[in-house]
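Below, read A as the first sequence line, B as the second, and so on, with proteins coming before strands; counting in each chain starts at 1.
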Amino acid sequence: MAGHPLSLFEISGRAMSAQLVRLNTTASNLANAGTVSGSEQGAFRSLKPVFRTVMGENGTSTVAIDQIVSSPAAPTKRHDPSHPLADSNGDVWEAAVDSAAEMVEMLETSRQYQNNVQVLQTAKGLMLETLRLGQ
Amino acid sequence: MSVGDSLFGVHATALQLRSQRMAMLASNIANAATPNYKARDMDFAQALRQASDGESIESAIAYRVPLQPSLDGNTVEMSTEQTAFAENALAYRSSLSFLQGRVGTMMRALKGE
């Protein structure tokens with residue numbers, strides 16, 4: 001355990017930013033699904049954020065993005081000599097993006113983002129009520 | 001025992017602990033997608049007893065036992081956490097209304113209405 005106890009706004013706020021980064025990577029993966037490259041190195045590989053726990057005191061913790069990694073999945077080689085990007089063998093490489101998996105990821109991200117918003121709303125309501133104590 | 005203690009009784013401590021537990025449950029919900037994160041919760045009765053005796057509540061905090069462990073080592077189960085959060089928020093609100101009652105009583109006594 002390190003640092004100070006995290007406030008609810010820090011906990012949920014930083015979790016929301018992490019989920020937003022996740023949503024952004026999913027968006028760029030989906031945007032690049034179906035893109036074609038003339039070389040295997042040049043083909044797009046899907047991006048995935050890796051989350052890391054940030055510990056606070058008194059049992060609190062929040063989440064941060066540790067790193068964003070490229071998927072190890074290989075791009076699909078397709079023989080298409082008529083393609084303008086085709087190499088000398090007439091091959092092109094399609095982006096290594098699993099659209100279905102990305103859609104599932106997007107849904108999960110959105111749900112978890114909503115959960116954090118809900119937590120923040122409830123906590124904020126209770127704090128405001130506490131401020132009105134004795135009035 | 002200070003004036004505040006005799007006026008508010010156990011409710012002031014309870015409210016403080018409820019707020020702390022709310023932060024812990026929020027941490028669990030925040031880390032729902034973090035690999036190897038272990039969800040934590042507070043044994044509220046034990047924490048309240050220890051806090052009332054002026055002890056540290058460190059020993060009342062424990063790791064949650066998952067109903068169904070996941071492959072990435074994360075033990076957050078959304079249904080459990082959300083239920084616990086809702087229950088805790090309700091308990092916070094009840095502590096708050098007890099406090100409000102006490103403040104109201106005292107105000108009426110002071111005004112002599």
How long is the straight-line distance from [atom2] of [Y] back to [atom1] of [X], given to the nearest 0.5 Å?
X: Leu8(A); Y: Gln20(B); atom1: CG; atom2: CD; answer: 11.0 Å
X: Tyr92(B); Y: Met127(A); atom1: OH; atom2: CE; answer: 7.0 Å
X: Thr34(B); Y: Asp66(A); atom1: OG1; atom2: CG; answer: 10.5 Å
X: Asn58(A); Y: Met42(B); atom1: CG; atom2: CE; answer: 8.0 Å
X: Leu126(A); Y: Ser19(B); atom1: CG; atom2: OG; answer: 9.5 Å
X: Ile29(B); Y: Ile11(A); atom1: CD1; atom2: CD1; answer: 10.5 Å

- In terms of heavy-atom pairs under 4.5 Å with chain B, which of Glu108(A), Gln112(A), Glu129(A) leads? Glu129(A)
- Would you find more than 12 non-hydrogen atoms of other residues, nucleotides or ligands less than 6.0 Å from Gln82(B) atom CD?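 For Gln82(B), atom CD is crowded (more than 12 foreign heavy atoms under 6.0 Å).
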- Query: Just wondering, more than 12 heavy atoms not from Phe44(B) lying within 6.0 Å of its CZ?
  - Reply: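 Yes, enclosed.
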Give a yes or no on whether [X] and [Y] share a hydrophobic cluster (residues Ile, Leu, Val, Met, Phe, Trp, Tyr; joining criterion: side-chain heavy atoms under 4.5 Å apart).
X: Met106(B); Y: Leu99(B); result: yes
X: Leu6(A); Y: Phe85(B); result: no
X: Tyr113(A); Y: Val21(A); result: no
X: Val63(A); Y: Tyr37(B); result: no
X: Phe44(A); Y: Leu85(A); result: no

Checking [X] against chain A: side chain, backbone, both or neither under 4.5 Å from a heavy atom?
X: Glu81(B); answer: neither
X: Leu15(B); answer: side chain
X: Met107(B); answer: side chain
X: Met78(B); answer: side chain

- Any donor-acceptor N/O pair, Ser27(B) side chain to Ser61(A) backbone, under 3.5 Å: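 Confirmed, Ser27(B) side chain pairs with Ser61(A) backbone.
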So for [X], is it side chain, backbone, both, or neither that comes closer than 4.5 Å to the heavy atoms of chain B?
X: Leu133(A); result: both
X: Arg132(A); result: backbone
X: Arg22(A); result: side chain

- Task: Answer yes or no: is there a side-chain heavy-atom contact under 4.5 Å between Asn36(B) and Thr53(A)?
- Result: no
- Query: So which heavy atom on Gly59(A) is nearest to which on Met24(B), and how close?
  - Reply: O-CG, 3.6 Å
